[in-house]
Peer 1: 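Take a look at the following structure, please.
Note that this is a predicted model, so its numbers are computed, not measured. Just follow the structure's listing: the first ligand is 1, and inside any ligand the first atom is 1.
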Amino acid sequence: MAEKPTATQPTAKYRADYKAPDYTITDLSLEFDLHNTATHVTAVSKVVRKSEQPVPLVLDGDGLKLVRVEVNGEAWTDYVEDDSGLTISGVPADFELTIETEINPEENTLLEGLYKSGGGFCTQCEAEGFRRITYYLDRPDVLARFTTKVIADKAECPFLLSNGNRVDSGELENGRHWVQWQDPFPKPSYLFALVAGDFDVLRDTYNTKSGRDVELEIYVDKGNLDRADYAMTSLKNSMKWDEERFGLEYDLDIYMIVAVDFFNMGAMENKGLNVFNSKFVLANAKTATDTDYQGIEAVIGHEYFHNWTGNRVTCRDWFQLSLKEGLTVFRDQEFSSDLGSRPVNRIKNVRIVRGPQFAEDRGPMSHPIRPEKVIEMNNFYTLTVYEKGSEVIRMMHTLLGEESFQAGMKLYFERHDGTAATCDDFVQAMEDASGINLERFRRWYSQAGTPIVNVATEYDTEQKRYRVTVKQHTAPTPGQEEKLPLHIPFDIELYDARGEVVALQRNGEKVHNVLDVTEEEQVFEFDNVAEKPVISMLREFSAPVVLEYDYSDEELAFLMVHARNEFARWDAGQILLAKYIRENVKRVQQGEAFAIPESVVDAFRGVLLDEKLDPAFIAEMLTLPSENEIAGWYKTVDVDAIHEVVSQLEKVLAFEMEDEFSAIYHSLTQASYTIEHDAMAKRALRNRCLAYLALTANGNKLSSEQYQKSDNMTDTMAAMAAANNAELECREAQMADFSDKWTHDGLVMDKWFALQGSNPAENALENVRNTMSHAAFDIKNPNRTRSLVASFCANNPVRFHAKDGSGYEFLTEILTTLNASNPQVASRLIEPFLKYRQYDEKRQALMRAELEKLSQLENLAKDLFEKIQKALEQ
Ligand code: B3K
Ligand code: ZN
């Protein structure tokens with residue numbers, strides 16, 4: 001887009017410009033008089049000047065109608081209101097400020113600030129939504145004690161909730177009532193929450209390790225009480241796990257979770273009152289899949305763990321977001337791994353880093369886990385900040401070990417509890433507690449992009465010495481030309497021909513299996529290696545890097561069987577698949593037939609038949625990398641060739657192993673549905689077998705039978721997904737039946753929408769367009785839009801990238817609508833366009849033209865502006 005600075009062009013903020021606030025607010029008393037279209041908010045703040053010299057008080061505000069301003073109880077007129085806030089002049093050093101504003105929750109389609117979801121009111125304030133409620137110092141380093149009085153119609157809103165403890169309540173005239181809440185812990189405005197409405201409530205209690213009883217309450221839409229149990233179980237498991245593993249106990253007398261249908265992301269960790277996307281609360285066997293259950297456990301855990309990592313210690317500024325998010329993702333991953341299968345969890349997390357996170361690193365939005373420049377903060381709740389951020393914490397955990405890591409956590413809380421901290425503070429605590437030098441390691445916070453680690457090995461038969469040469473290189477990313485070597489924990493293991501571990505030693509001394517790679521090039525030598533070993537590297541994905549090493553097929557097949565940890569075995573399988581996917585993409589491009597050696601198929605057959613292995617792990621071994629992940633291996637992506645190769649590979653595996661898939665499919669039938677890990681693991685493998693069998697002559701029969709017999713959503717969806725992917729005849733009947741059954745339930749219908757979006761059929765786009773008029777579809781609901789539109793645009797590459805540009809036109813239409821109603825959702829959906837430079841010239845030109853068109857939109861939201869600008873100028 002042309003770089004003409006206009007009056008409305010959004011401005012960027014820089015991390016380097018951080019300045020402590022001139023004023024702080026120590027106490028805030030809020031009163032909400034709730035009405036659908038005109039809610040009045042009265043905010044009384046105790047304001048204290050921090051700057052030495054008197055300066056005006058500059059408050060943030062967005063879309064507010066100002067009713068009155070008072071200073072120490074007197075009407076105040078010395079202020080200026082503009083688009084971004086309120087500047088109040090001539091104020092004393094220490095005073096009480098009263099501000100009354102009017103807002104319109106019903107018109108709030110942005111779902112930020114106070115809005116209506118269904119019949120109720122709810123809020124979302126992170127990152128900068130509180131300023132859409134009242135004028136305030138809406139920044140995370142201003143921590144105040146909140147008191148909140150909520151007034152509403154009693155019949156419409158019998159429940160009035162906010163943060164902290166319920167301290168008072170009363171009745172009013174005209175059928176209205178009020179409740180007063182007090183939160184004893186000072187907090188930034190982004191952690192404020194209010195919910196008002198009518199709900200069913202699931203109640204329980206948790207007895208903490210020091211013997212206090214905490215009331216647990218989960219609020220769901222009326223009629224959904226039979227879908228809240230798993231969320232409650234997960235909450236209690238989270239509380240217990242945090243006590244046991246991190247020694248952290250809950251600190252209020254009550255913990256509330258509210259499930260709402262209209263929500264921009266997964267959930268929000270507001271102090272004592274989490275607001276959740278109903279997708280991550282509601283589940284029973286009939287409506288939710290095993291994957292949904294796992295998602296609920298992870299997100300309930302994640303928000304609960306924020307109580308310490310995020311709320312008790314918060315972020316100084318938004319550039320530090322990974323301080324709370326990377327750390328909390330690490331904690332929720334550990335929680336899921338301690339409760340379930342560690343290898344399977346690790347595999348799933350690594351797929352996300354290697355797929356979409358690496359893709360983000362290659363695109364125009366590439367940024368370090370601690371960004372330097374931000375236009376719209378909501379654009380930085382990214383896979384980089386969250387998932388790579390968590391990998392950075394995990395690397396420290398690997399370098400320090402559990403004990404020193406926990407000592408570091410303890411020191412971090414001792415130093416920073418009740419304050420707003422920085423990423424540096426965290427690393428400093430880890431360094432001080434462990435005595436391990438993390439100086440070079442800190443670069444992970446400031447350097448963007450994915451490092452490539454290239455390895456060469458050499459065996460000296462005479463000296464019995466094994467030499468490993470490691471080189472690291474990070475390609476330039478937008479705005480960061482020069483890259484420095486990073487501190488990479490590089491976990492390796494050597495095996496002899498019988499699969500025994502070869503001890504690592506040098507000059508008679510034992511060498512730790514995690515090598516410290518810190519330079520551009522390093523050589524590691526190991527002595528007393530009796531024979532040429534097979535090396536397993538980057539075990540457990542010990543760093544978020546791309547590994548380059550020339551493995552032979554035999555070595556990979558060997559590691560698939562002999563590597564000591566399951567993750568390494570899976571990884572060897574993935575590398576083997578990658579080799580033949582690449583080779584076949586070349587073949588397809590040259591008009592040659594697909595081909596794969598029998599020995600490769602046999603290696604996977606061996607895994608499938610290994611009865612000692614966890615079925616869920618086998619299912620992962622037999623899951624191919626996604627077309628998107630494969631796209632990431634290329635400078636110029638050939639979507640059609642990739643799709644062709646993946647389809648062929650699936651078919652070859654299906655035909656070659658049909659008997660084995662069939663035998664296992666039938667042997668894993670379960671009499672009844674339970675959500676125990678073992679039962680889930682069996683379903684995972686059984687349904688993976690079905691996905692392959694769907695491609696064989698028996699596919700239609702098997703999918704139909706499973707759909708008809710199924711008494712649970714996991715098996716139902718597996719039957720449908722298999723039919724969808726294999727384009728089976730039974731697909732239409734299943735889709736029609738499912739839609740008849742579930743039209744009333746948007747959350748369940750999301751699964752059906754996602755199948756329409758990812759339908760590989762040639763007329764997929766036409767179906768998606770028709771589906772938009774389905775009774776259960778609503779473009780204002782982020783879950784519906786993501787299920788249908790994102791699954792088409794982001795997860796159906798071969799149809800989205802149709803050569804005639806029809807997929808691109810469709811996305812532009814959607815983005816144009818959402819730019820006005822909900823730019824945060826639009827900003828997530830635009831992602832596939834940002835990668836246009838990775839496609840052939842014709843597709844590049846088509847996508848670029850769409851971006852240009854979008855850049856000319858009247859009232860282009862900051863969210864889209866930032867991404868479009870970066871994409872066009874990259
Ligand atoms: N902290 C919230 C995310 C807020 C996103 C704002 N656009 C949820 C979480 O990470 O736990
Ligand atoms: Zn979080």
Peer 1: Out of all atoms in ligand 1, which are within 4.0 Å of some heavy atom of Gln824? Include the element for each.
Peer 2: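 By the 4.0 Å cutoff, the relevant atoms are 7 (N).
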Peer 1: Cut-off 3.5 Å, side chains only: do Thr384 and Glu360 have a donor facing an acceptor?
Peer 2: yes
Peer 1: Can you tell me the protein heavy atom closest to atom 8 (C) of ligand 1 and the distance?
Peer 2: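 That would be Ala267 O, 2.9 Å.
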Peer 1: Does the side chain of Arg442 pick up a donor-acceptor pair with the side chain of Gln428 at under 3.5 Å?
Peer 2: yes
Peer 1: Counting only heavy atoms from other residues, nucleotides and ligands, does the tally under 6.0 Å from NZ of Lys271 exceed 12?
Peer 2: yes
Peer 1: Identify, by atom number and element, the atoms of ligand 1 in contact range of Glu269, meaning under 4.0 Å from any of its heavy atoms.
Peer 2: 1 (N), 2 (C), 8 (C), 9 (C), 11 (O)
Peer 1: At the Zn ion (ligand 2), what angle lies between atom NE2 of His302 and atom NE2 of His306, rounded to 10 degrees?
Peer 2: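 Nearest ten degrees: 100°.
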Peer 1: Would you mind running through ligand 1 and noting each atom that sits below 4.0 Å from a heavy atom of His306?
Peer 2: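 So the atoms of ligand 1 that pass are 9 (C), 10 (O), 11 (O).
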Peer 1: When you measure from atom 11 (O) of ligand 1 to each heavy atom in Glu303, Gln124, Lys324, Met268, which option holds the nearest one?
Peer 2: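 Heavy atom nearest to atom 11 (O) of ligand 1 belongs to Glu303.
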Peer 1: Could you give me the CA-CA distance, side-chain angles and deciding distance for Asn104 and Glu106, then say whether side chain to side chain donor-acceptor pair (under 3.5 Å) is met?
Peer 2: CA-CA 6 Å; Asn104 184 342; Glu106 200 164 275; over 6 Å; no
Peer 1: Please check if the number of heavy atoms outside Asp83 that lie under 6.0 Å from its CG is greater than 12.
Peer 2: no
Peer 1: Would Tyr386 count as being in polar contact with ligand 1, using the rule that some N or O on each side must be under 3.5 angstrom apart?
Peer 2: yes
Peer 1: Check ligand 1 against Asn378 and write out every atom of the ligand that is under 4.0 Å from a heavy-atom position of the residue.
Peer 2: 6 (C), 7 (N)
Peer 1: Can you establish whether the number of heavy atoms outside Lys410 located under 6.0 Å from its atom NZ is more than 12?
Peer 2: no
Peer 1: Mind checking whether Glu126 has an N or O less than 3.5 Å away from an N or O of ligand 1?
Peer 2: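 Yes; at least one N/O pair falls below 3.5 Å.
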Peer 1: Could you tell me whether the side chain of Gln124 and the main chain of Glu126 form a donor-acceptor pair under 3.5 Å?
Peer 2: yes
Peer 1: Just give me the atom name: the N, O or S atom of Glu325 closest to the Zn ion (ligand 2).
Peer 2: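 This residue's closest N, O or S atom turns out to be OE1.
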Peer 1: With heavy atoms of Met265 as the reference, note each atom of ligand 1 found under 4.0 Å away.
Peer 2: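 Numbered from 1, ligand 1 contributes 4 (C), 5 (C).
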Peer 1: Does the cation-pi check pass for Lys116 over Phe121, that is, NZ or CZ under 6.0 Å from the six-membered ring centre and within 45° of its axis?
Peer 2: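 Pair Lys116/Phe121 counts as cation-pi.
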Peer 1: May I ask you to list the atoms of ligand 1 that are less than 4.0 angstrom from any heavy atom of His302?
Peer 2: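 Those atoms are 9 (C), 10 (O), 11 (O).
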Peer 1: Considering only heavy atoms from C-beta outward, does the side chain of Asp253 approach that of Glu215 to under 4.5 Å?
Peer 2: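 No, their side chains stay 4.5 Å or more apart.
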Peer 1: Work out whether the distance between some heavy atom of Glu112 and some atom of ligand 1 is less than 4.0 Å.
Peer 2: no
